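Below is one structure, written out as structure tokens, with a few remarks after it.
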Amino acid sequence: MSKIQMKTPLVEMDGDEMTRIVWKLLKEKLILPYVDLKTEYYDLGLPHREETQDQVTVDAARANLRLGVGVKCATITPNAQRVEEYHLSKMWKSPNATLRAILDGTVFRRPIIAPGIEPYIPTWKRPITIARHAYGDIYKSVELRAPAGSRAELCVTDAEGRETRELIHAFDGDGIVMGMHNLDRSIESFAHSCFKFALDAGENLWFGAKDTISKTYDHRFKDIFAEIYEREYKAAFEERGIEYFYTLIDDIVARIIRSEGGVIWACKNYDGDVMSDMVATAFGSLGMMSSVLVSPSGAYEYEAAHGTVTRHYYKYLRGEPTSTNCIATLWAWTGALKKRGELDGTPELSAFASRLEDAAIRTIGDGIMTGDLAAMSKLENRRAVGTEAFLDAIAERL
Ligand code: NAP
Ligand code: MG
């Protein structure tokens, strides 16, 4: 059998712990036998980030911008304990934060649906994708306590030194106050990423905020989305047969619960933080959640939504059996291969990625799954298998 050829390499970003083990096995068993895989390899594993003083992460992000499509393994975000464990010279920033800063994108999280793994909301038949704006609002806010008798004012000083002031509150008792901001250019790139993603997926886009209460702040989000949609995307949406609308977030919440799924829900930063956890939990587990960062310039970075599964890694190191779910990592690869095939005009590459997804879903449908899935599956013939046996079962079906 001749292998499927690639034109442009993927940016391959290796990672840490159990997901690094899964990464290697998955490539060997499911991709390399069929695809003449071309990648530009960057080792984002913590030891190599330390060796390169994290330059490797910056290089990988730039390569992702240059080549367009990247696939990333989960990586450790160092904390004090990791600094000790890995003898780090510095508490390096989260690679995801570095990638986001350079690619300047929006993160889309989408559940992977499989037979027997049923969402808690019975009407949900298709995935619900959360598009979370990842800049500003309460994540970059300033907060103060305001003691009784104090006045809090909002003051904006323009470039000429002119002040605009507004009274927030005159406190007759002790209280609290917070100031936050966002940027037009960040909201604009959020909007572009959402419209592009909806066109790609062929799914409706819903955006909700609280503009009835927040008449300047949230209203600005609504207006920027509306302007960009009218100017650049409306015609393409109509041609694709999909719609975009804005409504109050309260209304969106009610619509989401009643819906069949199959929509993209654009959320402001805080809403996206909270609602993505709700949607992920309602669909089953983080092990069944795919994630892609879409930059406004059209670069894509695919990854799993979960971490490096540390607890399983220590079992693996002790030689004990593990049952780590590879589905989200597999979807990072298939997402990247499909997108590469689409951009390069190599449909056999995209078709292979779809067949690989089918094989994985059929494996779960046949009752063969990892422990996390077996614990929640409704299938009567389900049985939990080990990390490697699950990959082998997918390979057999592929
Ligand atoms: P985690 O790696 O997602 O694991 C948390 C728990 O969820 C696991 O112990 C396991 O439960 C379950 N789980 C997650 N993924 C699974 C899978 N594929 N198969 C089976 N079970 C799975 O989160 P964490 O333990 O909080 O973080 C570990 C490391 O990952 C940290 O160093 C963190 O910085 C990093 N992290 C990286 C990313 C990223 O790169 N995008 C994201 C999050 C966290 P049981 O142990 O009960 O089986
Ligand atoms: Mg959260």
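Whatever order the structure lists ligands and atoms in, that order sets their numbers, starting from 1. Bear in mind that the values here come from a model prediction, so they are computed numbers and not experimental data. For the numbers below, each heavy atom of this structure counts, side chains included, while hydrogens, waters and symmetry mates do not.
- Here the side chain of Glu243 pairs no donor or acceptor atom with the backbone of Gly241 at under 3.5 angstrom.
- Relative to the six-membered ring of Phe195, Arg240 misses at least one condition, a distance below 6.0 Å or an angle of at most 45° to the axis.
- Protein residues having a heavy atom under 4.0 Å from any atom of ligand 1 are Lys72, Ala74, Thr75, Ile76, Thr77, Arg82, Asn96, Glu303, His306, Gly307, Thr308, Val309, Thr310, Arg311, His312, Thr324, Asn325, Asp372, listed by chain and number.
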For residues 70-87, which side-chain N or O atoms pair as donor and acceptor with protein atoms under 3.5 Å away, sequence neighbours left out?
from	atom 1	to	atom 2	distance (Å)
Lys72	NZ	Thr75	OG1	2.9
Lys72	NZ	Asn96	OD1	3.2
Asn79	OD1	Gln81	N	3.3
Asn79	OD1	Arg82	N	3.0
Gln81	NE2	Glu85	OE1	2.9
Arg82	NH1	Glu17	OE2	2.9
Arg82	NH1	Glu85	OE1	3.2
Arg82	NH2	Glu17	OE1	3.2
Arg82	NH2	Thr310	OG1	3.2
Glu85	OE2	Tyr314	OH	2.4

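- Relative to the ring axis of Tyr302, Lys339 does not place its NZ or CZ within 45° and under 6.0 Å from the centre.
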Between side-chain atoms of residues 167-175 and protein atoms elsewhere (two or more places apart, or another chain), which donor-acceptor pairs fall under 3.5 Å?
from	atom 1	to	atom 2	distance (Å)
Asp174	OD1	Ala148	N	2.8

Using residues 226-238 as the side-chain source, report each donor-acceptor pair under 3.5 Å to any protein atom, sequence neighbours left out, with the distance given to one decimal.
from	atom 1	to	atom 2	distance (Å)
Tyr233	OH	His192	ND1	2.8

